[in-house]
Amino acid sequence: MYETAAEIEALDELIMRSRSGGSAHLQTIISGDHALGAAELLPHLEGMKVVSLATVTKRGEPRISAVDGHFIHGAWTFGTDGTSIKARHLHARPSVSLSFVDGEKLGVFVHGTAQRLLDEDPRTEEIIAHWAAHYGSDPRTWGDDIRMFRLEPSWMVAYRGAE
């Protein structure tokens with residue numbers, strides 16, 4: 001877990017604000033024992049998770065694909081090849097949705113903005129070090145134009161299924 005106390009507090013506020021601003025339907029599903037705050041959620045997000053990432057075409061059509069996601073400092077990080085359609089979507093329209101679902105045990109749903117991680121970004125070094133430790137190499141070396149992103153969340157909820 002990389003999150004600082006301040007990041008956990010901010011994430012918890014985002015989750016609570018997102019849930020309380022959601023529809024009555026959402027609030028009936030993610031309530032009581034099914035609602036997770038940041039401190040309860042974070043241990044479930046350690047390591048690599050296969051997440052579904054939705055981008056948008058220039059005609060406003062959704063496109064979804066799976067990416068390796070790593071939750072670091074309160075945000076999902078992921079990468080893609082710069083020649084991919086996904087990379088073009090992210091460049092032109094960085095608003096995305098992401099979900100991580102572990103069967104009926106856990107669901108995490110996020111909307112926000114994908115921010116490309118550049119070398120001058122102070123977060124990049126630690127994020128790349130995490131990825132390199134996990135995979136054994138810097139992901140930016142996996143191709144000629146590998147692009148790394150951080151999803152800056154504007155809305156996020158987490159659901160825990162029945163024990």
Side-chain angles (χ1 to χ4, degrees), residues 1-3 7-82 84-117 123 127-128 130-131 134-135 139 142 146-163:
M1 230 171 61
Y2 289 89
E3 287 70 25
E7 288 168 336
I8 293 170
E9 183 178 333
L11 185 60
D12 202 47
E13 288 173 9
L14 174 64
I15 291 169
M16 297 306 156
R17 185 173 63 251
S18 300
R19 193 172 69 230
S20 68
S23 68
H25 176 70
L26 176 79
Q27 291 180 31
T28 59
I29 294 170
I30 303 178
S31 63
D33 290 342
H34 297 290
L36 286 171
E40 296 170 298
L41 174 62
L42 287 170
H44 297 283
L45 302 182
E46 290 184 26
M48 190 280 287
K49 304 297 180 194
V50 176
V51 298
S52 297
L53 178 72
T55 60
V56 182
T57 70
K58 64 183 170 187
R59 290 188 295 217
E61 298 168 333
R63 294 294 182 260
I64 193 163
S65 62
V67 295
D68 289 5
H70 294 259
F71 200 79
I72 302 170
H73 287 295
W76 287 101
T77 63
F78 60 93
T80 191
D81 191 282
S84 70
I85 298 293
K86 181 180 6 226
R88 286 189 282 187
H89 290 174
L90 292 167
H91 176 75
R93 291 163 301 281
S95 293
V96 298
S97 295
L98 178 148
S99 68
F100 167 60
V101 178
D102 184 6
E104 294 183 18
K105 298 177 195 171
L106 180 71
V108 180
F109 307 94
V110 184
H111 305 304
T113 304
Q115 300 173 342
R116 187 167 174 195
L117 287 170
R123 300 173 292 199
I127 290 169
I128 296 301
H130 165 86
W131 278 68
H134 181 83
Y135 295 102
W142 301 345
I146 301 300
R147 299 179 187 182
M148 300 300 295
F149 294 88
R150 180 180 187 275
L151 171 50
E152 185 64 39
S154 59
W155 187 93
M156 180 174 178
V157 294
Y159 170 84
R160 172 180 32 217
E163 297 291 326

### Query
Rounded to the nearest 0.5 Å, how far does NE2 of His89 lie from OG of Ser84?
9.0 Å
### Message
Aromatic contact between His70 and Trp131, with the criterion being ring centroids under 6.0 Å apart: yes or no?
### Response
yes
### Message
By the salt bridge (Lys or Arg N to Asp or Glu O under 4.0 Å) test, which pairs, at least two apart or in different chains, include something from residues 96-109?
### Response
none
### Query
Minimum heavy-atom separation for Ile30 to Ala35, with atom names?
CG2-CA, 3.8 Å
### Task
Check whether any side-chain heavy atom of Arg150 sits under 4.5 Å from a side-chain heavy atom of Arg123, and report yes or no.
yes
### Query
Where the side chain of Gln115 meets the backbone of Leu151, is there a donor-acceptor pair that is under 3.5 Å apart?
no
### Query
Can you tell me if NE2 on His134 sees more than 12 non-hydrogen neighbours from other groups inside 6.0 Å?
yes
### Query
Taking Arg116 for the side chain and Arg147 for the main chain, is one N or O donor matched with an acceptor at less than 3.5 Å?
no
### For Thr55 against Lys86, the heavy-atom pair lying closest together
CG2-CG, 4.1 Å
### Query
In Å and rounded to the nearest 0.5 Å, what is the CG to OG1 distance from Leu117 to Thr77?
7.5 Å
### Message
Under the rule for side-chain hydrogen bond (donor to acceptor under 3.5 Å, both in side chains), what residues qualify as partners of His111, not counting sequence neighbours?
### Response
Ser97
### Message
Can you confirm whether Asp68 sits close enough to Lys49 that some side-chain heavy atom of one is under 4.5 Å from a side-chain heavy atom of the other?
### Response
no
#### Entry: Value rounded to 0.5 Å, distance of CZ in Phe71 from CG in Leu98
9.5 Å
### Message
Minimum heavy-atom separation for His44 and Leu106, please, with both atom names.
### Response
CB-CD2, 3.5 Å
### Message
If you apply the rule side chain to side chain contact (heavy atoms under 4.5 Å, CB included), what do you find for Leu41 with Val108, and how did you get there?
### Response
CA-CA 9 Å; Leu41 174 62; Val108 180; 3.6 Å; yes
### Query
Roughly how far apart are Leu53 CG and Thr80 OG1, rounded to 0.5 Å?
8.5 Å
### Query
Looking at side-chain heavy atoms only, is the closest gap between Trp76 and Phe100 below 4.5 Å?
yes
### Message
Can you give me the closest heavy-atom contact between Gly82 and Ala87, atom names plus distance?
### Response
O-CB, 3.6 Å
### Task
Fit a plane to each ring of Tyr159 and His34, take the angle between them on a 0 to 90° scale, and name the class: parallel (under 30°), tilted (30 to 60°) or perpendicular (over 60°).
parallel
### Query
Would you say the side-chain atoms of Glu3 pair up with the backbone N or O of Ile8, donor to acceptor, closer than 3.5 Å?
no
### Contact check, side chains of Leu42 and Leu11, non-hydrogen atoms, under 4.5 Å
yes
### Task
Please report the shortest heavy-atom distance between Gly79 and Val67, naming the atom on each side.
O-CG1, 4.3 Å
### Query
Taking all non-hydrogen atoms of both residues, which atom of Ala114 and which atom of Leu90 are closest, and how far apart?
CB-CD2, 3.6 Å
### Message
What I'd like to find out is whether the side chain of Val56 reaches to under 4.5 Å of the side chain of Val96, using heavy atoms alone.
### Response
no
### Message
Does the plane of the ring in Phe149 sit parallel, tilted or perpendicular to the ring in Phe78? Use 30° and 60° as the thresholds.
### Response
parallel
#### Entry: CA sep, side-chain torsions, deciding dist, call: Glu9, Glu7, side chain to side chain contact (heavy atoms under 4.5 Å, CB included)
CA-CA 5 Å; Glu9 183 178 333; Glu7 288 168 336; over 6 Å; no
### Query
To the nearest 0.5 Å, how far apart are OG1 in Thr57 and CZ in Arg88?
11.5 Å
### Query
Taking the six-membered ring for Trp, is the centroid-to-centroid distance between Tyr135 and Trp142 below 6.0 Å?
yes
### Query
Would a 4.5 Å heavy-atom cut-off, applied to side chains only, mark Ile15 and Leu36 as touching?
no
### Task
Check whether any side-chain heavy atom of Ile128 sits under 4.5 Å from a side-chain heavy atom of Met148, and report yes or no.
yes
### Query
Looking at CZ of Arg17 and CG of Asp12, how far apart are the two atoms once the value is rounded to the nearest 0.5 Å?
11.0 Å
